[in-house]
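For reference, positions follow the sequence shown, starting with 1.
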Amino acid sequence: GKEKWYEKIGVSYSMDMQNTIDTKENKLMGSSLIKDWKNGIKHSIPISTSFKLMKYIIVSPAINYNERWYTQQIRKRYNPTTKLVEVSDTLYGFTRDYDYSVSIGASTKIYGKFTPKNPKSKIKGLMHVMTPSISFSLRPDFSNPSYGMYQNIEYYDTNGLPVSLRTPYHEGAIYGTAGAGRSGSIGFSL
């Protein structure tokens, strides 16, 4: 039968898990899995589809979702003695962060044919194909307080000027953390 709209949706899932430790051999068996090991699990779920618009344009929307699970996160604060932002506490237990992005692309093919007017020409004709495409992508700012994955540290620098710094709770984690700053892009090709 005719292909249904939901049969064009592509979903995949991948998971990666790592545990690493940097220690001496005689201390390995006495180490704590949560406090001494650097560990994490990363899940990735891309979802995409494509469909025809106005018979000739192929539109391809996609969503990419990533989630990371950890057993610890850090807190930082400004130390007025050293004048540095330093780790002040490590919290142990299950914690997670995530990020996602959305994108959409459109492309088509334009065919052309050229036939020389000179009948004595050795070239009988030229066929050419142009494939124009355009794409858009967007990723939100995951350092925004509404996502709960970054902390805000406020202090005064050596010149007495106020400083506001956002740092991720999972800085230095095995799979990283959600990115700070909103991003968007537009792409063209021919």
How close do [X] and [Y] get, heavy atom to heavy atom, and via which atoms?
| X | Y | result |
| --- | --- | --- |
| Arg139 | Ala180 | NH2-O, 3.5 Å |
| Phe142 | Ala178 | CB-CB, 3.5 Å |
| Pro168 | Thr177 | CB-CG2, 3.6 Å |
| Lys8 | Thr49 | O-OG1, 3.1 Å |

Euclidean distance, Gln18 CD relative to Ile174 CD1, rounded to 0.5 Å
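So the gap between those two atoms works out to 4.0 Å.
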Please write out which residues are connected to [X] in a hydrophobic cluster, directly or through intermediates, given that two of Ile, Leu, Val, Met, Phe, Trp, Tyr count as joined at side-chain heavy-atom separations below 4.5 angstrom.
| X | answer |
| --- | --- |
| Leu138 | Ile63, Val102 |
| Leu165 | Tyr78, Val85, Ile153, Tyr155, Val163 |
| Val87 | Ile74 |

Using a 6.0 Å cut-off, check whether atom CG of Asp157 has over 12 heavy atoms from anything other than its own residue.
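Correct, the count exceeds 12.
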I'd like to know whether CD1 of Ile123 has more than 12 heavy-atom contacts from other residues, nucleotides or ligands below 6.0 angstrom.
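Counting neighbours around CD1 of Ile123, 12 or fewer heavy atoms of other residues, nucleotides or ligands fall under 6.0 Å, so no.
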Among Ser103, Ser101, Ser183, Ser185, which residue satisfies the side chain to side chain donor-acceptor pair (under 3.5 Å) criterion with Ser137?
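That would be Ser185.
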Are [X] and [Y] in one and the same hydrophobic cluster, where Ile, Leu, Val, Met, Phe, Trp and Tyr link if side-chain heavy atoms are under 4.5 Å apart?
| X | Y | answer |
| --- | --- | --- |
| Tyr175 | Tyr92 | no |
| Tyr6 | Tyr13 | yes |
| Ile110 | Met54 | no |
| Met130 | Ile134 | no |
| Ile186 | Val59 | yes |

Test item: Ser143 side-chain N/O and Tyr150 main-chain N/O as donor-acceptor pair under 3.5 Å
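Pair absent, no side-chain N/O of Ser143 close to backbone of Tyr150.
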Counting N and O atoms only, with roles assigned by atom type, does the side chain of Asn159 sit under 3.5 Å from a partner on the main chain of Leu161, one being a donor and the other an acceptor?
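No, the answer is negative, given that no donor and acceptor are paired below the 3.5 Å cut-off.
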Pairs meeting criterion ring-ring contact (aromatic ring centres under 6.0 Å, His included) with involvement of residues 108-136, two or more places apart:
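The answer is none; no pair qualifies.
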Arg166: partners by salt bridge (charged side-chain N to carboxylate O under 4.0 Å, His left out), with sequence neighbours left out
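Partners of Arg166 by the salt bridge (charged side-chain N to carboxylate O under 4.0 Å, His left out) criterion, ordered by chain and then number, come out as Asp141.
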Salt bridge (charged side-chain N to carboxylate O under 4.0 Å, His left out) partners of Lys76, counting only residues at least two apart
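Only Glu171 meet the salt bridge (charged side-chain N to carboxylate O under 4.0 Å, His left out) criterion with Lys76.
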Would you say that [X] contacts [Y] through its side chain, given a criterion of any heavy-atom pair below 4.5 Å between the two side chains?
| X | Y | result |
| --- | --- | --- |
| Ile58 | Phe51 | no |
| Arg77 | Asn79 | no |
| Met15 | Ile41 | yes |
| Tyr98 | Met149 | yes |

Which residues satisfy the side chain to side chain donor-acceptor pair (under 3.5 Å) test with Tyr100, sequence neighbours excluded?
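Once residues adjacent in sequence are excluded, the partners of Tyr100 under the side chain to side chain donor-acceptor pair (under 3.5 Å) criterion are Tyr147.
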Mind checking what makes side chain to side chain contact (heavy atoms under 4.5 Å, CB included) contact with [X], not counting sequence neighbours?
| X | answer |
| --- | --- |
| Ser133 | Ser107, Ser189 |
| Lys55 | none |
| Asn26 | Lys24 |
| Gln73 | Arg75, Leu91, Thr95, Tyr169, His170 |

Please, which pairs that meet side-chain hydrogen bond (donor to acceptor under 3.5 Å, both in side chains) have at least one residue in residues 57-71, sequence neighbours excluded?
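Those involving residues 57-71 are Asn39-Thr71, Ser44-Asn66, Tyr65-Glu67, Asn66-Asp99, Glu67-Trp69, Glu67-Arg96, Arg68-Asp97, Arg68-Asp99.
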Any chance you could lay out the side-chain contact (heavy atoms from CB on, under 4.5 Å) test for Lys113 and Thr115, step after step, and finish with the verdict?
CA-CA 7 Å; Lys113 185 177 177 183; Thr115 307; 4.1 Å; yes
Run the side-chain contact (heavy atoms from CB on, under 4.5 Å) check on Ile47 and Ile9 step by step: do they pass?
CA-CA 7 Å; Ile47 304 169; Ile9 297 173; 4.0 Å; yes
